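Below: the structure, in structure tokens.
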Amino acid sequence: MMIRIDGKKHSWREGMTIKDILKDLSDSHLYAVVRINDKHISRPHFEKTLIPDNSEVFLILMIAGG
Amino acid sequence: MAEYEMESLKTFNYDRPVIEKGYANQTICIDISDFVISVKPVAEKMKDVFIGGKGFDLWLLWNAVNSTTKWSDPENAICIASGPMGGTPVYPGSGKSIVTTISPLTGSVIDSNVGGYFGPYLKFSGFDALEVTGKTSKDIVIFIDGIDEKVQVFTASGLPDDSYNLSAMLTERFAKGKPRNISVVSTGPGAKNTLMGCLNFTWYDLKRKRARYKQAGRGGIGSVFADKGIKAIVARWDTVKVKTNNPADPDSLKGVGKKYSRKIVELDPKQNQMAKIGTTHLVSIMNDFDLLPVNNFQYGRHPEAENIGQEVYGRIFDPGYDGCWMGCTLACAHGVKDFVPVTGPYKGTRVFVDGPEYETIAGCGSNLGIFDPHSAIEMNFYCDTYGLDTISVGTSTAFAMECFEMGLINETDTGGMDLSFGNRLSALEIVHQMARGEGFGQIVGRGVREMKSIFAKDFGADPDLMQDIGMEAKGLEFSEYISKESLAQQGGYGLALKGPQHDEAWLIFLDMVHNFMPTFEQKAEALHWFPMFRTWFGLCGLCKLPWNDVVPEDNKEMDEPAKVMKHVEWYAEYYSAVTGRHVQPDGLIRMSEAVYNFQRIFNLKMGFGQREHDNIPYRAVGPVKTVEYESRQERYDKQLIEKHKVDIAGKSTEEKVALLRKFREELYEKLKDAVYKRRGWNNDGIPTVETVKRLGIDFPEVLELLRVYGVE
């Protein structure tokens with residue numbers, strides 16, 4: 001019942017979404033993209049995307065591209 | 001392999017200079033009209049003002065051409081240079097070459113930035129830049145052999161036309177058993193028969209035992225190369241070490257290089273995984289934010305976009321190291337092994353495809369309404385081997401498809417082809433026709449600007465409508481991002497010196513998603529700083545990806561996270577360590593400003609550097625058609641009501657489209673005003689005398705040119 005967010009352990013619960021994990025962060029507005037394991041999820045899908053147990057979550061600023 | 005013959009026409013022996021602090025301190029000019037080869041010294045002032053890379057190219061090109069020179073004139077030069085840091089094996093992304101010429105698409109200066117080994121090998125062979133002028137009726141191969149200290153020009157017969165086979169053959173011929181010592185620049189039949197030819201630059205993949213390819217894609221440089229009669233240019237050099245570039249302070253260089261390399265190895269797997277999937281992650285992200293071009297930039301998303309996204313290509317790419325320069329830990333160039341095309345001369349055979357990257361997937365996939373990953377790979381393969389720019393091919397074909405769907409052209413005009421969006425076989429047939437120089441593909445190969453004229457003149461198509469939907473500016477086709485909802489990105493495209501390529505300023509996310517720059521002044525500042533810093537990479541022989549596609553973990557805590565200042569500071573250290581010229585981050589911007597303004601003035605010399613040339617088609621600014629408006633109706637209605645204080649009750653979609661257009665076009669003009677002011681240009685987009693003096697580019701011919709345009 002644990003996930004890792006940017007390498008740090010974080011408790012997990014059934015039904016947890018990306019929006020849930022960001023709401024406790026003061027800088028959540030900076031993250032346009034979050035990676036769950038190998039899959040990139042963009043902000044429009046944060047609310048509906050469930051985080052599986054044991055996931056590796058990476059918060060991505062997404063300032064580059066092109 | 002085909003039998004071929006090469007006969008030496010000219011041999012030029014030289015003494016290779018010792019590289020000093022990243023410079024060979026000389027350039028080489030080869031006039032292929034009469035096979036005169038000359039070496040020119042690089043003065044300290046040339047290094048002070050132009051730094052290297054694109055800066056050197058521009059100075060050589062400026063002196064080679066006059067204001068009336070056309071792309072196909074003998075005096076037009078193809079200039080290739082790396083830069084003072086080019087060829088450094090310990091710092092990621094340090095193997096770039098920059099190519100400039102007068103473009104057949106724009107009529108003005110084009111520059112293109114490319115990986116592969118050629119630029120560094122050229123420098124280590126003794127030349128900071130190569131300038132090729134003249135034309136010949138024979139097929140020639142130029143061989144720059146830094147090991148044996150000679151330059152040879154050969155006539156060639158029987159060599160294959162396609163770039164892949166040609167490069168492989170020439171690698172084998174000149175390698176003397178060490179293929180990694182060879183880099184080949186070549187193009188293919190598509191370049192000869194269109195205006196959008198690219199150049200392929202090779203690097204040798206030791207693991208896969210094959211020449212791999214990167215492209216100098218934009219602006220038809222390959223078409224100039226083919227028109228001159230050049231089959232290939234080959235460079236040969238030996239082992240590369242840190243000391244090969246003879247940096248001023250090798251210990252500092254190794255220190256900052258190792259620090260940066262390790263950080264990329266640590267952080268890329270936690271961020272965008274470019275070493276694994278390249279730039280393909282952008283497909284789904286762009287789609288999610290309504291920024292992926294679909295059906296000629298009409299829409300920004302499509303339900304089938306996942307089919308051409310990172311998960312699919314991640315499975316298709318051949319795993320392994322894919323660095324286009326030695327020691328690059330980002331290593332984002334990927335490829336597909338044993339791909340079997342379903343069309344064309346390679347139908348049914350196994351080939352290795354270098355790519356696809358995001359731009360090709362979007363340009364030759366979603367923007368054509370094609371969501372089959374293998375079609376994008378096949379388009380990628382044939383564009384490369386035919387020597388065609390995938391961005392211009394994609395954007396031009398998308399324009400032709402929309403014209404077809406709107407009835408502006410029909411099957412009689414296309415030679416019987418159904419050019420509906422999504423027709424992958426027709427899209428591929430266009431590419432094959434471009435290579436053969438026949439049929440409707442030959443018209444598409446002239447690019448969007450000429451297509452608009454041809455369709456109006458020969459097929460009676462509405463020129464005003466085509467002006468709105470034809471995605472070109474300055475004659476160059478747009479690269480593959482929807483800019484409608486980001487005013488800053490509209491500027492990033494429209495105010496770019498060479499035309500709408502995103503390599504000057506990719507500001508969509510900073511502007512639209514993060515809202516880091518809500519005011520005009522902030523947008524103008526971004527449209528000053530980002531183009532300047534990105535220009536700097538091209539002066540030094542560097543790739544920009546390691547700068548901000550991987551960011552430090554504490555970057556978000558910085559005052560200006562978008563600039564990734566920790567990395568900028570490392571780049572300043574890197575520059576100082578190689579050249580011995582100590583510089584702070586602000587100094588990097590100053591270097592670029594001089595070259596950037598010089599390029600703007602070069603445009604002016606060619607008749608293209610004024611305000612009117614920074615216009616962009618309305619499709620890049622807002623919705624042209626009612627279906628586009630309706631696809632984002634909630635957003636547009638809200639903007640009209642809240643931002644522009646319009647009462648939209650009872651208004652038709654057509655009326656709302658017209659109102660939005662009026663507001664958005666006014667905003668774009670105001671953006672021009674703000675950016676020109678920030679850059680030190682007058683209201684017509686011309687650098688002022690004060691600006692050129694401040695930057696040290698107040699050469700007599702520059703001041704005279706400004707005077708002709710009323711700037712004194």
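By convention in this document, chain letters (A, B, ...) are assigned in the order of the sequence lines, proteins followed by strands, and residues within each chain are numbered from 1. Computed from a predicted model, the values in this text were never measured in an experiment.
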Review point. Hey, are the side chains of Asp6(A) and Lys270(B) touching, using non-hydrogen atoms and a 4.5 Å cut-off?
Key: no
Exercise for review: Counting only heavy atoms closer than 4.5 Å, note whether Asp290(B) contacts chain A via side chain, backbone, both or neither.
Suggested key: neither
Review point. Tell me, side chain or backbone of Val550(B) under 4.5 Å from chain A's heavy atoms, or both, or neither?
Key: neither
**Study point:** Residue part contacting chain B, namely of His45(A), when any heavy atom lies under 4.5 Å
**Key:** side chain
Point to revise | Within-4.5 Å side-chain heavy-atom neighbours: His281(B) and Arg35(A) | key: no
Point to revise | Closest contact, heavy atoms only, Gln273(B) versus Asp38(A) | key: NE2-OD1, 2.9 Å
Exercise for review: Under the side-chain contact (heavy atoms from CB on, under 4.5 Å) rule, what do Leu30(A) and Phe516(B) come out as? Steps first, then yes or no, please.
Suggested key: CA-CA 10 Å; Leu30(A) 291 174; Phe516(B) 282 173; 3.9 Å; yes
Review point. Checking heavy atoms, do the side chain of Ile285(B), its backbone, both or neither come under 4.5 Å from chain A?
Key: both
Check your understanding: Heavy-atom distance under 4.5 Å to chain B: side chain of Asp27(A), backbone, both or neither?
Key -> side chain
**Study point:** Carboxylate-amine/guanidinium contact Asp288(B) Arg43(A), below 4.0 Å
**Key:** no
**Study point:** chain A contact via Pro561(B) - side chain, backbone, both or neither, heavy atoms under 4.5 Å
**Key:** both
Check your understanding: Given a strict heavy-atom distance threshold of 4.5 Å, which part of Leu61(A) is in contact with chain B: side chain, backbone, both, or neither?
Key -> both
Practice item. Identify which part of Val551(B) has an atom lying under 4.5 Å from any heavy atom of chain A, answering side chain, backbone, both or neither. Key: side chain
